[in-house]
Each structure stands twice: as C-alpha cells, then as structure tokens.
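The analysis underlying the following values was restricted to heavy atoms, covering all of them including side chains, and did not include hydrogens, waters or symmetry mates. Every chain is numbered from 1, with letters handed out A, B, ... down the list of sequences.
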Number of protein chains: 2
Amino acid sequence: MKQPAICPKFEKAVSLLSQKWTALVIYQLLSGTQRFSEIQSAIGISGKVLSDPLKDLEEKNIVKREVIPETPVIIEYSLTEKGRSIEPVIRDIERWSKQWVQEESTSS
Amino acid sequence: MKQPAICPKFEKAVSLLSQKWTALVIYQLLSGTQRFSEIQSAIGISGKVLSDPLKDLEEKNIVKREVIPETPVIIEYSLTEKGRSIEPVIRDIERWSKQWVQEESTSS
DNA sequence: AAATTAACTTACGTAAAGTAACTAGATAAG
DNA sequence: CTTATCTAGTTACTTTACGTAAGTTAATTT
C-alpha cells in the first residue's frame, strides 16, 4: 500500500533525519571529534539513546568511530566526508529555528 | 536528567522534522496547494498517518487548511509564510540525498 | 579483592507510527 | 425511501521506536 511518487533517495534522507537524535548528534559532531560521554552530556541523553543512532550513523558511513587504547579505553567519534556534507541542512534548520521558532516558557 | 547545552529553538525545529511524515508533507506542498487525497496518494500513506502531521502543522501555523463547500466537500492544504520558509531546508536535504544516498535494490 | 572509569547493554515500560475498517455529511441513483 | 458514492477524516488495535535505570566489560589503580 505504498507507491511513492516521491524520490526514494529523498525519502531515505528524510527517514534518517526523522530518527529522534540523529540531527542533534550530527550537529554536535560538526564542532569536531568528540567522545561518547562528551556527546552524551552535551545533548543530555542516556547511553542507549545515544548508542542507537551512533551505530546507525556509523553503518551509513556518516560517522567514524575510533578506539583509542588508553586507560580506560576512549572512543572518539567524528564525521566522515558524507557526514560533513550534511552541514548545510543543519545550518538551515538552525537559521530557520532562530527566525521562526519561539521559545516556550516551560517554567514549572 | 536533561540539561541541554544545545539551543532549545534548534531542538524544537529538529523535533518537528523528526516526526515521520512532516518533511515529506511540506515537500509535497512546496509544489502548491493540494487536497487531502492528493497529498495522500502522492506520499502513499493512510488517512490517519496523513491527518496526524497535518493537524500538527496546522497548529504550528506552517500549513493552512481551507474548506471548500463543493459537493462533496473538498479541503485544500497550503503552506503559510512560515511553511514556505522551510524550503531551503528541504532543498538541501534533496540535494544531499541526490549526492549521497544510494538507491537500494528492493526487488523481491 | 574492591573500587574506578568509559563505553556500552539489558530488561523493561511508554509513546509514536502504522493498518484496515469504519463514520459523517452531502448528493445521486434505483 | 433506500442504497450507493465521494471526500476527508476517525477508531480500535498492533507494531515499532524511544526512554530509563541498572548492570556488564575490560583495564587499572588502591
């Protein structure tokens, strides 16, 4: 029950970005190589919630994972060329959000 | 357990686009005013799956809903100014997908 | 032997997305 | 008058995604 009139490549890209934390992880890595725990505390999510999209992004060759045999072991994540090429998308979202999204008073 | 170091406006924008069909609906409406059933068959989704994001987009003032009292009643959806301002984001995703996403052979 | 640290997993619960069938209100056909 | 048709949804239900908190692994220091 699905005969897409919409370009399947575009659909795939959209479905990537529609994973909850994916865009935020890429955004975070745009400012350079970071460790698991750094990304985690920057975004403010739990281990699993970060490791799921990271695995997916690694598999899609958007993020590179490097093991550094320190003590204890350190893992560094960075964007690949494919990953860095998403930057315009992220920057446009950023620009749009600044112009059109209003901050909500979530004071409780 | 969440102290975001990331701009909340940006987070909101990302969370909008991370709703499954939202980007596709906006993309579709970029080519002009369309009826419910037109969007539906273009994207290839069921009534509910379309009406959920449409309601959300209407509420966020990104999409405008107009009732036309024909027989039977026709509903036309179009982008507001805020909605059209998302175009650069969508176009960048489109561009990126053409360059980096590979078509999958889903032949069964 | 116990504790520490980083990077994950596991087990479990909640929320979002998906499906197919049904409804509403209007008209037209039999 | 009753049944059918059409558009734009809704309902009830199932499946997949997301989230939390606690636990695991491997190396090292106390």
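- Take A:Glu70 and apply the side-chain contact (heavy atoms from CB on, under 4.5 Å) test, not counting sequence neighbours, and it matches A:Ile68, A:Ile74.
- Two residues are said to be in side-chain contact when any heavy atoms from C-beta on lie closer than 4.5 Å; A:Val25 and A:Gln28 fail this criterion.
- The closest side-chain heavy-atom distance from A:Trp96 to B:Lys82 is below 4.5 Å.
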For this session: Walk me through it: do B:Val67 and B:Arg65 pass the test side chain to side chain contact (heavy atoms under 4.5 Å, CB included)?
Result: CA-CA 7 Å; B:Val67 179; B:Arg65 179 181 188 271; 3.6 Å; yes
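- Distance, A:Gln40 CD to C:dA7 P: 9 Å, rounded to whole Å.
- Between A:Tyr77 atom OH and C:dA6 atom P the separation is 14 Å, expressed in whole Å.
- Residues satisfying the ring pair (Phe, Tyr, Trp, His ring centres under 6.0 Å) criterion with A:Tyr77, sequence neighbours excluded, are absent altogether.
- The pair A:Glu58-A:Lys55 fails the salt-bridge criterion, with no side-chain N (NZ, NE, NH1 or NH2) lying under 4.0 Å from an Asp/Glu carboxylate O.
- Comparing the local axis fitted to the first five base pairs of the helix from C:dA1-D:dT30 to C:dG30-D:dC1 with the one fitted to its last five gives a bend of 30°, rounded to 10°.
- In this structure a side-chain-to-backbone donor-acceptor pair under 3.5 Å is missing from B:Thr33 to B:Glu76.
- As rounded to whole Å, 17 Å separates atom C1' of D:dG9 from atom CD of B:Glu76.
- Protein atom CD1 of A:Ile45 is 14 Å distant from nucleotide atom P of C:dA7, rounded to whole Å.
- Counting to the nearest Å, the P atom of C:dA7 and the CD atom of A:Gln34 are 12 Å from each other.
- Between A:Glu81 and A:Arg84, none of the side-chain N atoms (NZ, or NE/NH1/NH2) sits under 4.0 Å from a carboxylate O, so this pair counts as no salt bridge.
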Using a cut-off of under 3.5 Å, enumerate the N/O to N/O pairs linking the protein to nucleotides 10-12 of chain D.
residue	atom	partner	partner atom	Å
D:dT10	OP2	B:Ser51	OG	3.3
D:dT10	OP2	B:Lys55	NZ	3.2

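- Residue A:Trp21 has no polar side-chain atom (N or O) positioned under 4.0 Å from OP1 or OP2 of D:dA17.
- The stretch residues 65-75 of chain A comes close to DNA chain D through A:Thr71, each having a heavy atom under 4.0 Å from the strand.
- Remark: A:Phe36 engages no residue in a ring pair (Phe, Tyr, Trp, His ring centres under 6.0 Å) (not counting sequence neighbours).
- Side-chain contact between B:Lys12 and A:Ser97: absent, with no pair of heavy atoms (C-beta onward) separated by less than 4.5 Å.
- Here the P atom of nucleotide C:dC8 and the CG atom of A:Leu54 are 8 Å apart, to the nearest Å.
- Rounded to an integer number of Å, the gap from A:Lys20 NZ to C:dT14 P is 17 Å.
- Across A:Thr22 and A:Pro53, no two heavy atoms sit closer than the pair OG1-CB, 4.0 Å.
- Here the C1' atom of nucleotide C:dT19 and the CG atom of B:Leu50 are 15 Å apart, to the nearest Å.
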